[in-house]
Each structure stands twice: as C-alpha cells, then as structure tokens.
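Please read these numbers as outputs of a predicted model, since none were measured by experiment.
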Amino acid sequence: MLTADVLARPAPEVAPLLLGAVLRNGPVAVRLTEVEAYAGRDDPASHAFRGPTPRNGVMFGPPGQLYLYFSYGMHWAANVVCGPDGTAGGCLLRAARVVEGVELAHERRHGVAERDLARGPGRLTQALGLRPEDRGTDLLAGGDLRLEAGSGEPFEVATGPRVGVSQAADVPWRFWVAGSRYVSAYKRSPRAP
DNA sequence: CACTAGATGCTCT
DNA sequence: GAGCATCTAGTGA
C-alpha cells in the first residue's frame, strides 16, 4: 500500500513502488509505467539541490503531495513528493497508460494515438488535465485528485539513467515496467558529459 | 523506423 | 539573460 509512511522513504526506494499504481483526477485515471527519482539536496539533477525556492517549496514539505513544475516553455510535469517532512525529494511521473476516461483524455490530447495519450511527462499531465493550481494537493487525502493502489498484476521493473538531465546523467534512477509499450523513449541530455 | 531542429515561457542568477 | 526533469514536425532511409 502507498501510505504516507512508505512515501516518506527516500525517493529512489519509493519510485519502483509507484509503478503500477493509479493516479486519478476525477473521471480520468492512469496506471503508471515509468517514474524517475530525484533525491533533493544530495542530487545535482534535482530542482531542490540548491535549496527551497517559491517553485520547489512543496518538495520540502510532507510526502504525498503533488509537485508541478513548468518546463521547456510549453509543458507541465508532475512529481509525487517523497522523503520525510522537511527533507526534499520527489518522483517524476514520466509515463502511464490511461485506464479510465479514455475519451476525455483524447479530447485533451487532440488526435494522438491511444499509446501516446500519457507517454511522456508533459503528455501525462495534459491527459489528466492537471493544472498549475493543483500544485500542493495531498494525493492521499481521498479527493478528486488522488493516488490509488494498483491492481496487483505482477511485472518486472527495469532501471536505467534518467532522461534529459545534464547533471548526474549516469545515475540509474529511472524505473519502468519492463516490456511495456507505454514507456517514453530514452534521450540523453545534449549537455551531459 | 531513426534522428534532428526549433519552439516556447517560467524560474532563478 | 541563460538554462531548462519536453514535444512535435520535419527529414531521410
């Protein structure tokens, strides 16, 4: 089960546990297939590495909150805050399969293939209809926007380096469902050494 | 299919 | 003003 106690563990421990879990926002629900861990103050690739700012403040708060950030001019991406209250950490939700509300997700994602509805961080937030003001939502509080346990179907977890980061580019803190087609493509940052 | 280039605007220095 | 935890459309095989 994904309790606050579990999410209070370090992000690299929590990340594989999020695979297979369901994130719901009202009528649309997705099953997570790919996640990356960001370990806060000790992780040069993390937004929290240089300390708290207005943007990343929720990462320093209690676990289980939603952290949203804006990236590359056009996209929002979602994290689940991990680690104990007062310690920064989070898991970036990189990809998922839409399991409920497929029609609404298609409307939001205008004419793309079913496989691409939530394959990628920006696509995932768009398919779910997450908005900037959802930052800080407690995903364990049982609201319209919440984290649910998965169906328990067994699967293997694969690991590898994180996508698009220029710092700590070889740390294997990306986790995905082995063999799943609902996983984004790996792309190394052009700025990485 | 693989690979590349350019758009785009928030966030912090 | 520089730097991005990206996406899409375009090209070429």
Can you name the ring-ring contact (aromatic ring centres under 6.0 Å, His included) partners of A:Phe70, sequence neighbours left out?
-> A:Trp76
Return the set of residues passing salt bridge (charged side-chain N to carboxylate O under 4.0 Å, His left out) with [X] (not counting sequence neighbours), or none when no residue passes.
X	result
A:Arg94	A:Glu34, A:Glu36
A:Arg108	none
A:Arg24	A:Glu100, A:Glu148
A:Glu156	none

Under 4.0 Å between a Lys/Arg side-chain N and an Asp/Glu carboxylate O for A:Arg162 and A:Asp43?
-> yes
Dot-bracket notation for DNA chain C is requested: 5' to 3', Watson-Crick or G-U wobble pairs only, both distances under 3.5 Å, with ( ), [ ], | and . as defined.
-> ||||.|||||||.
With no hydrogens and no angle check, is any side-chain donor or acceptor of A:Thr33 less than 3.5 Å from a backbone partner on A:Tyr182?
-> yes
Under 4.0 Å between any heavy atoms, over every strand shown, what does A:Ala45 touch: base, sugar-phosphate, or nothing? Just pick one.
-> base
For A:Asp170, check side-chain hydrogen bond (donor to acceptor under 3.5 Å, both in side chains) against everything at least two apart and list the hits.
-> A:Arg188
If you look only at pairs with a residue in residues 123-181 of chain A, which of them pass as a ring pair (Phe, Tyr, Trp, His ring centres under 6.0 Å), with sequence neighbours excluded?
-> none
Can you tell me how far CG of A:Leu124 sits from CG of A:Leu117, rounded to the nearest 0.5 angstrom?
-> 10.5 Å
Specify the residues of residues 93-128 of chain A, ordered by number, for which at least one heavy atom lies under 4.0 angstrom from an atom of DNA chain B.
-> none
Shortest non-hydrogen contact from A:Pro172 to A:Thr159?
-> O-CB, 4.2 Å
With B for base contact, S for sugar-phosphate-only contact and - for none (protein heavy atoms under 4.0 Å), nucleotides 3-13 of chain B reads --B-BBBSSS-
Exercise answer: donor-acceptor pairs, residues 56-66 of chain A side-chain atoms, under 3.5 Å, sequence neighbours excluded:
from    : atom 1 : to      : atom 2 : distance (Å)
A:Asn56 : OD1    : A:Thr53 : N      : 2.7
A:Asn56 : OD1    : A:Thr53 : OG1    : 3.4
A:Asn56 : ND2    : A:His47 : O      : 3.0
A:Asn56 : ND2    : A:Gly51 : O      : 3.2
A:Gln65 : NE2    : A:Pro62 : O      : 3.4

Which two nucleotides bound the region of DNA chain C that has atoms under 4.0 Å from heavy atoms of chain A, read 5' to 3'?
-> C:dC4 to C:dT8
